[in-house]
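Worksheet for the structure shown next.
These values consider heavy atoms only, across backbone and side chains, with no hydrogens, waters or symmetry-generated copies. It should be emphasised that the depicted structure is a prediction, and the values quoted were computed from it without experimental measurement. Just so we're on the same page: letters track the sequence lines, and every chain starts at 1.
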There are 2 protein chains.
Amino acid sequence: MTNEQPASLRIEHVPQTLRELAVERLRAAIMSGRFPSGYRLVERTLVDQLGVSRSVIREAIRYLEAEGLVEIQPRQGPIVATLDWDKARQIYDIRLRLEAAAAADCARLLDASARADLQAALQRLKEAFLSDDPQVLYDATTRFYEVIFVTAGHHIAWEIVQRLNGRISRLRALTLASTDRHVSGQARMQRIAEAIFAQDPDRASVAVREHLTEAAEIASKLLHVANEGARRTGQ
Amino acid sequence: MTNEQPASLRIEHVPQTLRELAVERLRAAIMSGRFPSGYRLVERTLVDQLGVSRSVIREAIRYLEAEGLVEIQPRQGPIVATLDWDKARQIYDIRLRLEAAAAADCARLLDASARADLQAALQRLKEAFLSDDPQVLYDATTRFYEVIFVTAGHHIAWEIVQRLNGRISRLRALTLASTDRHVSGQARMQRIAEAIFAQDPDRASVAVREHLTEAAEIASKLLHVANEGARRTGQ
DNA sequence: GATCGGAAGATGGTATACCAACATGCCATC
DNA sequence: GATGGCATGTTGGTATACCATCTTCCGATC
């Protein structure tokens with residue numbers, strides 16, 4: 001006799017290791033801007049701050065390094081990855097292609113259950129637009145896209161997009177907070193959802209494309225303004 | 001007086017760490033099929049095999065985990081990531097979109113220097129098709145695409161594609177070795193290069209699309225055949 | 001003889017100490 | 001004031017110890 005159990009009875013023991021927790025904390029600290037771009041991640045300092053051993057910190061940094069959130073400077077150790085407009089442009093371009101593809105396939109594959117999920121995510125997004133908390137808007141946006149990608153069956157693309165989003169998190173926060181975006185962003189999201197509900201892949205794809213093109217333009221302006229500011233104050 | 005020297009005198013100290021070496025060795029072992037899919041990567045065994053300490057092995061595994069080449073099974077340790085057709089299909093789809101975009105932008109941005117690089121890569125590819133060594137063909141193909149991505153300025157997309165290629169390396173090796181591919185693959189590569197040389201983005205994009213669609217179809221057949229075989233012998 | 005339970009080994013996870021190499025900045029010396 | 005050298009800090013690398021969990025197996029118990 002084996003120990004096999006029906007899946008429903010299976011004990012879902014999630015052994016969240018210290019390493020995983022450390023990765024999440026560090027990623028959150030970087031994405032929230034607490035560790036700014038270029039910030040040096042000194043291992044023994046992080047040991048004190050997170051209260052875990054060096055092994056854990058080092059392994060977590062290796063993971064974030066592969067994610068692209070952290071860069072290793074030879075003989076200097078890890079720093080928070082820097083972002084210039086050229087990199088950001090590339091990332092927006094990749095996102096555009098992957099998200100447009102996901103929206104199209106999502107529109108094709110939409111069933112009743114997915115329709116309900118998307119409806120819920122859209123509702124939550126609308127409420128988030130009224131909220132003051134940028135984190136709420138950020139989370140609701142993420143959830144909205146997650147439904148689209150998962151419905152489309154594009155799980156790997158979703159992983160990639162999430163990873164890319166981590167690298168432009170500061171920019172994303174800025175664009176989400178941008179005032180024009182509050183009005184036009186909501187309208188564009190609505191259009192994406194409508195096209196998907198109408199099961200019109202082409203229209204969904206185009207809507208995503210317009211949405212992201214606009215986001216990239218806003219990001220470009222914001223990044224250049226930020227760089228100008230840094231140049232003035234820095235030098 | 002500063003210590004700056006002319007670049008030519010600069011000591012190019014590449015501080016290849018043990019960890020980086022370990023990552024390369026492990027990746028090569030996985031991609032070559034020496035560590036097959038699902039193979040358990042037992043830390044203390046790897047310590048003996050690579051002759052480095054456990055810390056190095058563990059950090060290397062973290063990196064490969066983030067790359068998607070290694071999966072961690074809770075309380076069982078790392079195994080070589082498995083690949084089913086659904087994942088492979090997604091990967092081919094992402095590659096298709098990123099490579100089509102790169103080929104189009106490459107065609108737009110082609111200058112004399114890039115033209116020479118591409119010509120050289122194509123020449124090497126043609127020679128590789130005559131070679132018996134699959135590794136030579138694999139490397140030449142990689143180089144061909146690298147020129148396209150770099151010329152297009154799609155560095156981040158190239159990173160992503162390389163990483164994805166790592167995850168389907170066995171499949172890629174199979175498709176590259178496939179006999180029909182020897183004839184049609186060469187012709188399709190030629191068509192991609194011609195479209196780029198003609199600076200015709202749309203044609204380049206379509207050529208890549210056809211090429212990868214065919215590759216995915218071959219991969220699908222091979223994977224299903226392999227699975228059938230495994231099912232017959234395994235059960 | 002079947003089943004339960006515990007011992008032993010294997011493995012992953014964590015913590016800590018130590019050393020070498022290298023960069024940086026300060027300070028004494030000239 | 002410039003130079004050289006030293007102290008310090010940081011990283012990379014290694015070894016080792018300890019613990020928790022899982023597997024396996026063996027024996028005791030029913």
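For A/Glu20 and C/dG12, the CD to C1' distance is 13 Å, given to the nearest whole Å. Rounded to whole angstrom, the span from the CD atom of B/Glu59 across to the P atom of C/dG12 amounts to 16 Å. In this structure, B/Arg19 atom CZ and D/dT11 atom P are separated by 12 Å, rounded to whole Å. Atom-to-atom, CZ of A/Arg40 to P of D/dT10 comes out at 7 Å; the value is rounded to the nearest Å. To the nearest angstrom, P of D/dT10 lies 13 Å from CG of A/Leu41. Atom CG in B/Leu18 sits roughly 14 Å away from atom C1' in D/dA15 (whole-Å rounding).
The side chain of B/Arg58 places an N or O atom within less than 4.0 Å of a non-bridging phosphate oxygen (OP1 or OP2) of C/dG13.
Other residues, nucleotides and ligands place more than 12 heavy atoms under 6.0 Å from the CZ atom of A/Arg54.
The closest side-chain donor-acceptor pair between A/Gln123 and A/Gln119, if any, does not fall under 3.5 angstrom.
Considering only residues two or more places apart in sequence or on other chains, A/Gln90 meets the side chain to side chain contact (heavy atoms under 4.5 Å, CB included) condition with A/Asp86, B/His155, B/Ile156.
For the pair B/Asp93 and B/Arg97, the salt-bridge criterion is met [side-chain N within less than 4.0 Å of a carboxylate O].
A donor-acceptor pair is defined here as one N or O able to donate and one able to accept, closer than 3.5 Å; no such pair exists between the side chain of A/Ser53 and the backbone of A/Val47.
Here the nucleotide nearest the side chain of A/Ile72, chosen from D/dT10, D/dG12, C/dG12, is D/dG12.
A heavy atom lying under 4.0 Å from DNA chain C marks the following residues of residues 44-55 of chain B, by number: B/Arg44, B/Arg54.
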Name every donor-acceptor pair, under 3.5 Å, that has one atom in a side chain of residues 61-72 of chain B and the other anywhere in the protein, sequence neighbours excluded.
residue: B/Arg62; atom: NE; partner: A/Glu59; partner atom: OE1; Å: 3.0
residue: B/Arg62; atom: NH1; partner: B/Glu65; partner atom: OE1; Å: 3.4
residue: B/Glu67; atom: OE1; partner: B/Arg27; partner atom: NH1; Å: 3.0
residue: B/Glu67; atom: OE2; partner: B/Arg27; partner atom: NH1; Å: 2.4

